[in-house]
Amino acid sequence: MAAKSFDMIVIGAGPGGYVAAIRGAQLGLKVAIVEREHLGGICLNWGCIPTKALLRSAEVFHLMHRAKEFGLSADKIGFDLAAVVARSRAVAKQLSGGIGHLMKKNKITVLMGEASVPRKGVVSVKTDKGTEEITAKNIVLATGARARQLPGLEADGDLVWSYKHALVAKRMPKKLLVIGSGAIGIEFASFFNTLGADTTVVEVMDRVLPVEDAEISAFAKKQFVKQGMKILEKTTVKQLDRGKGKVTAHLEDAKGVTTAEFDTVISAVGIVGNVEGLGLEALGVKIDRTHVVVDEFCRTGIEGLYAIGDIAGAPWLAHKASHEGVMVAELIAGKHAHPIKPGSIAGCTYCHPQVASVGMTEAKAKEAGYEVKVGRFPFIGNGKAIALGEAEGMVKTVFDAKTGELLGAHMVGAEVTEMIQGYVIGRTLETTEEDLMHTVFPHPTLSEMMHESVLDAYGRALHM
């Protein structure tokens with residue numbers, strides 16, 4: 001029997017994969033998508049969405065403890081971890097089910113199983129009913145990534161957790177060690193610390209949230225410490241000794257090695273691309289440190305084979321993957337596709353306080369040879385922030401002194417993950433300081449701080 005033929009086959013149904021499939025179908029392509037585990041991939045099921053649900057519970061819990069500040073009363077404040085986790089899983093399930101509806105609506109063929117590419121233009125799908133081959137002129141790899149496991153620090157689901165274990169925690173840690181202070185590590189540290197865990201964060205680099213602007217990172221660290229977290233920078237976890245109900249961590253810094261006991265460890269030391277078992281090496285696909293090497297249009301160098309999202313390298317963000325999916329689908333359909341500009345993709349971390357950024361940090365801009373103008377505005381100078389009871393935070397903007405180009409924007413504080421999009425649009429439209437200064441921001445809003453930060457870069461701040 002002849003193999004089923006499609007215009008485009010997508011392997012992986014995470015944000016990049018399912019968006020690529022939908023856009024392809026919208027453009028009239030006959031599309032199939034293959035997924036081995038969950039529609040929606042890691043993001044909807046085990047990443048972006050369920051973690052935000054957990055963090056929302058922690059945020060409400062935190063606000064309940066502050067009720068008196070707002071003239072309110074709340075007695076016998078507590079939490080039910082199982083119920084918090086159950087809500088998070090229900091949110092993930094609702095959205096994953098929605099992806100199934102979108103696949104049907106767009107007449108996309110869905111195959112649940114393990115996929116490989118035995119030869120150009122062919123995808124082999126192994127399901128519980130056997131193996132079948134389907135063909136397409138264009139194949140899109142969107143298999144995502146998984147948590148990195150370091151030797152000796154591997155997750156076991158009992159004492160040492162990966163992000164998946166942490167998402168379905170069956171017990172509340174009393175003394176928690178989080179290894180890694182990137183977005184995943186610091187979000188889980190923020191969640192469990194808010195619920196009362198004695199939390200220590202270890203970071204091998206010289207500061208927490210190391211990809212962020214140094215000033216924002218320092219501000220965030222102060223807030224974390226104020227909340228009771230212990231932050232150990234320039235520190236490496238050399239060894240974990242697992243005992244009955246406890247883990248002894250060997251921590252090395254410039255002064256030597258010390259030990260500390262914890263009942264729970266969360267390992268959040270990065271990700272590795274899901275490149276195994278796809279048959280990529282035999283096809284001649286170039287792989288660099290578990291990620292497929294692609295050009296600006298996500299082409300692998302093998303005709304008709306593309307790679308998008310986490311498997312295609314940094315930045316490892318769902319919204320980047322989604323836009324790559326749209327771009328590739330449009331390219332395959334013969335449309336004029338625009339490459340993604342990494343420097344205009346925002347990064348968001350949903351800890352407390354939130355952190356968000358786009359473009360170059362001040363240090364990176366200077367390293368690149370720019371003469372910069374830098375503006376800052378504190379939350380304490382904003383009426384809406386004070387009314388919300390969220391006066392701790394800062395907005396920072398970096399401009400090219402010669403042209404007025406917005407090189408980067410960096411924020412820490414309440415709701416900055418929502419506000420950053422204003423600067424993202426500015427970057428996309430190649431906005432200058434003049435455009436931003438002439439923009440009227442609504443009052444009273446947190447977004448007014450964005451305006452003030454721009455004004456401050458040019459010595460014109462009005463409320464500071």
Side-chain angles (χ1 to χ4, degrees), residues 10 12-22 33 35-62 79-103 105 110 112 142-147 161-170 178 182-192 194-195 266 268 270-271 274 308-311 315-326 345-352 354-356 414-421 424:
V10 182
Y18 77 72
V19 166
I22 291 170
I33 190 165
E35 169 57 44
R36 68 180 180 183
E37 197 169 6
H38 311 283
L39 292 178
I42 291 296
C43 177
L44 266 65
N45 293 281
W46 294 102
C48 317
I49 302 302
T51 54
K52 302 312 157 289
L54 291 181
L55 287 160
R56 175 60 172 165
S57 291
E59 180 183 17
V60 173
F61 184 67
H62 170 72
F79 66 89
D80 178 344
L81 183 61
V84 169
V85 169
R87 176 181 180 271
S88 171
R89 301 314 305 154
V91 169
K93 184 178 179 181
Q94 178 183 343
L95 287 167
S96 182
I99 302 304
H101 168 72
L102 288 172
M103 296 299 102
K105 176 185 173 184
V110 177
M112 299 301 294
T143 52
R146 63 187 184 278
W161 296 352
S162 68
Y163 66 87
K164 280 193 175 183
H165 300 126
L167 276 169
V168 291
K170 293 180 172 58
V178 177
I184 294 172
I186 214 70
E187 285 182 3
F188 278 118
S190 189
F191 171 73
F192 285 111
T194 300
L195 295 186
I266 296 177
I271 63 172
N274 293 323
I308 64 174
D310 288 356
I311 193 178
W316 295 291
L317 300 166
H319 42 289
K320 171 254 197 185
S322 295
H323 273 264
E324 286 178 337
V326 170
I345 297 174
C348 298
T349 306
Y350 299 81
C351 47
H352 181 73
Q354 294 180 6
V355 176
E415 301 305 326
V416 296
T417 58
E418 297 291 340
M419 289 201 293
I420 193 65
Q421 186 61 13
V424 173

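Considering only heavy atoms from C-beta on, Val10 stays 4.5 Å or farther from Tyr18 through its side chain. No side-chain heavy atom of Ile311 sits less than 4.5 Å from a side-chain heavy atom of Asn274. Contact check for Ile184 versus Trp316: no side-chain heavy atoms found under the 4.5 Å cut-off.
Here the straight-line distance linking atom OG of Ser96 with atom CH2 of Trp46 works out to 11.5 Å at 0.5 Å rounding. Rounded to the nearest 0.5 angstrom, Thr417 OG1 and Tyr350 OH are separated by 4.5 Å. The OH atom of Tyr163 sits 9.5 Å away from the CZ atom of Arg146 when rounded to the nearest 0.5 Å. To the nearest 0.5 Å, the span separating NE2 on His319 from SG on Cys43 amounts to 10.0 Å. Atoms NE2 and CD1, on His165 and Ile266 in that order, are 11.0 Å from each other to the nearest 0.5 Å. Here NZ of Lys93 is found 14.5 Å from CG of Leu44. Values are rounded to the nearest 0.5 Å.
Of the possible donor and acceptor atoms, none in the side chain of Asp310 sits under 3.5 Å from a partner among the backbone N and O of Thr143. Panel note: side chain Glu35, backbone His38; a donor-acceptor pair is recorded below 3.5 Å. Judged by distance alone, with hydrogens and angles left aside, the side-chain atoms of Thr194 form a donor-acceptor pair with the main-chain N or O of Ser190 at under 3.5 Å. The main-chain N or O of Ala82 is never found under 3.5 Å from a side-chain atom of Arg87 such that the two would form a donor-acceptor pair. Distance alone, capped at 3.5 Å, places no donor-acceptor pair between the Thr349 side chain and the Cys351 backbone.
Contact detail for Pro50 and Asn45: the closest heavy-atom pair is CG-O, 3.5 Å. Ala356 approaches Val416 most closely through the heavy-atom pair CB-O, 3.5 Å. The two residues Ala169 and Leu81 have their closest heavy-atom pair at O-CD2, 3.9 Å. The two residues Ala145 and Ile271 come nearest to each other via the heavy atoms CB-CD1, 3.6 Å. Annotation for Glu187 and Thr51: closest pair OE1-OG1, 4.0 Å, computed over non-hydrogen atoms. Annotation for Leu195 and Ala58: closest pair CD2-CA, 4.5 Å, computed over non-hydrogen atoms.
Taking a 6.0 Å sphere around CD of Glu37, one finds it holds more than 12 heavy atoms contributed by other residues, nucleotides or ligands.
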